[in-house]
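Just so we're on the same page: letters track the sequence lines, and every chain starts at 1.
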There are 2 protein chains.
Amino acid sequence: MSIHRDIRSPSQDCGACPIRHRAVCARCEADELEQLEQIKYYRSYEAGQTVIWSGDKMDFVASVVTGIATLTQTMEDGRRQMVGLLLPSDFVGRPGRSSAAYDVTATTDLVMCCFRRKPFEELMASTPHIAQRLLEMTLDELDAAREWMLLLGRKTAREKIASLLAIIARRDASLKEPRANLGSITFDLPLTREEMADYLGLTLETVSRQMSALKRDGIIRLDGKRHVTIPSFDALMDETGDDSDGGFLV
Amino acid sequence: MSIHRDIRSPSQDCGACPIRHRAVCARCEADELEQLEQIKYYRSYEAGQTVIWSGDKMDFVASVVTGIATLTQTMEDGRRQMVGLLLPSDFVGRPGRSSAAYDVTATTDLVMCCFRRKPFEELMASTPHIAQRLLEMTLDELDAAREWMLLLGRKTAREKIASLLAIIARRDASLKEPRANLGSITFDLPLTREEMADYLGLTLETVSRQMSALKRDGIIRLDGKRHVTIPSFDALMDETGDDSDGGFLV
DNA sequence: TCCTGGAGTTGATCTGCATCAAGGCGGTTC
DNA sequence: GAACCGCCTTGATGCAGATCAACTCCAGGA
């Protein structure tokens, strides 16, 4: 469903830096690769570190190489809403804007591949493939954001939790084994209860209660706080409120 | 704040079709205009008509010329969430995908400027400016979607209503008078109470009650059901929960 | 003129989630 | 190993918004 799958599969890896792949490699234009190579640099962050604050000057665009970052918005009184989850190969920043629109935070140890903004914009102006790849990626993110709007506006707490678990499970499974059928899946939650709450528009207490309820009902198994097994992916999907044939969420 | 403002201003009009303007005119490449001209056609819809159903084959991309359309998602049990509001100059459809992802509905009489998808994709592949303009537009929509996520996840009913009114008021004011300062504004609501509810993740009763409450508190004045005056835009903004300096919403 | 039906309002009641509060469970530090 | 701290769980209670229901308003049609 997601165009992300191909790049996340190790078999199609074509370099350490996702944006190289996603922006260019599909067409394999040697020149563009070479030019991108010259303006890129890597940065790493520790789990919990803030990459950039909303409103700060942001003179680069970047893509996630390894780890997970989050985009969050905060209201004056402290209410927080996570508006994006950045996984390996996802893009952050936007050509043509010089300041960040959201707080970007590393939730796990994180490596990003950065490109200085000005040279990147120039490169984009001269090589159509880059803009086209970015457009595809952005349209995917827009679809994901809109599916998340349905979740935030209309789903119950239980459906929200089930949806989040399904997304993480599906992504995790396809990372490990792209063509695996989704019977039983085991993975580690990359988010705290509070982060889950911020993503789902809930409180951490409600997240905790619903996790316990799903466990009690045999939909999930919990080993410690973070290690989750989904005995039946189909049973989990039944709790999400979605119709069976997936969606656009990352 | 929005890059939409320039095109909506009549003074910068450069043709009846927004996508021509937004995709190309900023650079004024005569050839591209000419080519776009050859593959475009207009369609009109009456208020209430459905433009396309989610899942249907969609062999065109289009932009709104006049009127308002909505994008909605529906769950199996009938819960509905509006995920986008298409105003004049907004784009719908996506290159590279052949079926619609949402229901698209005309809420007012609507004229759209359509381009057959295949020729449009070919044109996009050969003319970098189009992809770049589309990328900008899509990034704007993504910002708007993310701001809406904050609204859906964390705002109270009153804040949601105030935010929606502020957005409509601001857009309406800038349409009529781009540089007007936002003191007192009068406009007609283009949405029914139910549509407002679907957009805000509320029920129509709650929308109605909060409208009455805002009226009682002197934040808005109502003349009939739809005709609204905002005596003080600042007072309205105080009810939105946003910090003062606007946002990315359309 | 009355009739009809869609849109909106308002009231009474219910409920899902938030809020407030009190612990429990590992892991780390000294 | 005791003390601490971040993360999580669970319970008791409150409330915003959903739900159910009755009613008004107004435009259009016969």
How long is the line joining CG of L222(B) and P of dT10(C), in whole Å?
-> 10 Å
Rounded off to whole Å, could you give me the CG-to-P distance for the D77(B) and dA18(D) pair?
-> 15 Å
Check whether any side-chain nitrogen or oxygen of T203(B) sits under 4.0 Å from OP1 or OP2 of dG17(D), and answer yes or no.
-> no
Check every strand shown and say whether G201(A) touches a base, only sugar-phosphate, or nothing at a heavy-atom separation below 4.0 Å.
-> sugar-phosphate
Nearest-nucleotide pick for K225(A), side chain only, options being dC17(C), dG8(C), dC8(D) = dC8(D)
Contact check, side chains of L189(A) and L165(A), non-hydrogen atoms, under 4.5 Å | yes
Nearest-Å distance, CZ (R154(B)) to P (dC17(C))?
-> 13 Å
The nucleotide from dC17(C), dT9(C), dG17(D) with an atom nearest the side chain of R193(B) is dT9(C)
Identify whether the distance between the nearest side-chain nitrogen and carboxylate oxygen of E239(B) and K160(B) falls below 4.0 Å.
-> no
Among R154(B), R170(B), K155(B), find the one that has a salt bridge (Lys or Arg N to Asp or Glu O under 4.0 Å) with D242(B).
-> K155(B)
In whole angstroms, the gap separating P of dT10(D) from CG of L204(A) amounts to 13 Å
Which sits closer to the 5' end of DNA chain C, L191(B) or K155(A), going by the nucleotide each is nearest to?
-> L191(B)
Below 3.5 Å, does any donor atom in the side chain of E205(B) face an acceptor in the base of dC20(D), or the other way round?
-> yes
Only one of K225(B), H227(B), R226(B) passes side-chain hydrogen bond (donor to acceptor under 3.5 Å, both in side chains) with D188(B), and that residue is H227(B)
Go through the steps for Y45(A) and T108(A) under the test side-chain contact (heavy atoms from CB on, under 4.5 Å), then give the verdict.
-> CA-CA 8 Å; Y45(A) 301 86; T108(A) 65; over 6 Å; no
Reckon S212(B) has a side-chain N or O less than 4.0 Å from the OP1 or OP2 of dT10(C)?
-> yes
Interatomic distance, E195(A) CD vs dG6(D) P [rounded to whole Å] | 15 Å
For the base of dT19(D), is there a side-chain donor-acceptor partner from R209(B) under 3.5 Å away?
-> yes
To the nearest Å, how far apart are L202(A) CG and dC8(D) P?
-> 15 Å
Separation of dT9(D) atom P from R226(A) atom CZ, nearest Å, is 10 Å
May I have the distance from I161(B) (atom CD1) to dA16(D) (atom P), rounded to whole angstrom?
-> 16 Å
